[in-house]
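These notes are about the structure you will find just below.
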Amino acid sequence: MDDQRGNLMIEHNDDAFQQLQSVAKEKFVEEFGIDPFWMVSAPSRVNLIGEHIDYCDGFVLPLAINRHIVIAAAPNGTSQANMVSTLFPGEPAVVMVDEDPVMGEPRWANYIRGVLDGFRLKDLWPLPGFDAVVHSNIPLGAGLSSSAAIEVALATLVEGLLGIEINPKNKALLCQRAEQKFAGVPCGIMDQFVSVFAQPDHVVLIDCRSQQAQPIPLADTSVAVIIADTKIQHELSDGSYANRRKQTEIALMILGKDSWREVSMADLEEAKGEMSEVVFQRARHVITEIERTQKAAMAIARGKMDEVGGLMRASHLSLRDDFEVSCRELDIMVEGAWHIGEAGGVLGSRMTGAGFGGSTVTLARAEQAESVMEAMSRNYKQETGIEPHIFSTKAVGGAELSDLL
Ligand code: GLA
């Protein structure tokens, strides 16, 4: 596995998943002295297009990537969950499974507490106690949603503990609530939905109004998905994400509509005089991004990846100029890819996720992916002095639980 940050890293990690599971299993035996009963996994994601509109009733188009949280676990016959994370060595967590979960230390376990609280609210409480080891190869702080992956992995483990399967939509919503209430991020539904609903070789079109997830085959298999982590980290709980969400809510209120799906550019132009320039720009992003995402979903279904590239470019510009969630490093990474252009194998590139740092997503011709990654890396290092972490990925399936006995 090849997931340290800090080195130049161009990788193809097909074996990574197997390796991840064996490390989790070994660590479990070392910590708890028995074999685990279950192995669960949940993928992280990259969003192709549809940014900052999942909380605006919009459409989003993410795919689950070959980077996972895995949890090896077994029941322990007590009233507590004993959890160890390889990401936070020396910070084991003990959480009671018969008392109301509250936020606390270690902080990484707040995602766990949030999910457990969701089961409590569903009257699936108390839970049987369990021991667990959490392991991951998702780069932290890279905007690839490791938090949604841990929430969905834990919810999947609890399903195993209880011997039930909850409705997948409710499971994703339970995990979204955990993020909102226990991590303090007023997020939309994208990250948790894709971690639950993803299918191999498909992107997931999520209609965030009806909360329906529709898999769309990546018909053109000659296209590689490249993720480039700028190594600039941003804490979403610091308020800038919440601030953008608030501004969209103000805009919708001024527009006097119930949903962004009922708002046209003409409506916005008409109401322009009633809102500040900033709120107008935020609204313009929402309206245009919803339209671009619908177009991109249709283009992908028809295998027209070049059309998707143009829409990704327009999306980045809108996020940079209207929604103002990009940053210098994201712009440098994306412009580096645009500069390589179609002749060099690049179909499209944009920032992905919440922004203010994190990663970009680039679609490239598979046979040229290696040289695209090298050129992007060289350019970024030259311009910023920072060694990026760049890797190509494939669309994988959603969370899974296996019985190991
Ligand atoms: C974060 C949130 C998502 C979504 C994106 C931006 O990943 O968790 O709900 O809003 O930012 O598109």
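Both ligands and their constituent atoms are indexed starting at 1 by order of listing.
Look at Arg45 and you'll find a heavy atom under 4.0 Å from some atom of ligand 1.
Those atoms of ligand 1 with a heavy atom of Met190 less than 4.0 angstrom away are 4 (C), 5 (C), 12 (O). Against a heavy-atom cut-off of under 4.0 Å, Tyr241 is close to the following atoms of ligand 1: 1 (C), 2 (C), 3 (C), 4 (C), 9 (O), 10 (O), 11 (O). Counting atoms of ligand 1 from 1 in the listed order, those under 4.0 Å from a heavy atom of Cys187 are 2 (C), 8 (O), 9 (O). Using a 4.0 Å cut-off to heavy atoms of Gly188, the atoms of ligand 1 that qualify are 9 (O). Interface of Glu51 with ligand 1, defined as ligand atoms under 4.0 Å from a residue heavy atom, comprises 6 (C), 12 (O).
Protein heavy atom nearest atom 3 (C) of ligand 1, with residue, atom name and distance: Asp54 OD2, 3.3 Å. Scanning the protein heavy atoms around atom 8 (O) of ligand 1, the nearest turns out to be Asp191 OD2, 2.7 Å.
Counting only N and O atoms by type, the side chains of Glu289 and Ser315 include a donor and acceptor under 3.5 Å apart. A donor-acceptor pair shorter than 3.5 Å cannot be found between the side chains of Thr352 and Arg45.
We find that Arg261 and Asp207 are joined by a salt bridge, their nearest charged nitrogen and carboxylate oxygen being less than 4.0 Å apart.
For Glu270, the CD atom counts as loosely surrounded, since its 6.0 Å shell holds 12 or fewer non-hydrogen atoms of other residues, nucleotides or ligands.
Below 3.5 Å of separation, one finds no N or O of Tyr55 facing any N or O of ligand 1. Residue Asn47 has no nitrogen or oxygen atom sitting less than 3.5 Å from a nitrogen or oxygen atom of ligand 1, judged on distance alone.
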Inset, instruction - Go through the steps to decide whether Phe130 and Phe32 satisfy the test ring pair (Phe, Tyr, Trp, His ring centres under 6.0 Å), and finish with yes or no. - result: CA-CA 11 Å; Phe130 60 95; Phe32 299 108; 9.9 Å; no
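Within the model, atoms CD of Glu151 and OG1 of Thr156 stand 11.5 Å from one another, a figure rounded to the nearest 0.5 Å.
Taking 4.5 Å as the limit, some side-chain heavy atom of Val361 sits within range of a side-chain heavy atom of Arg350.
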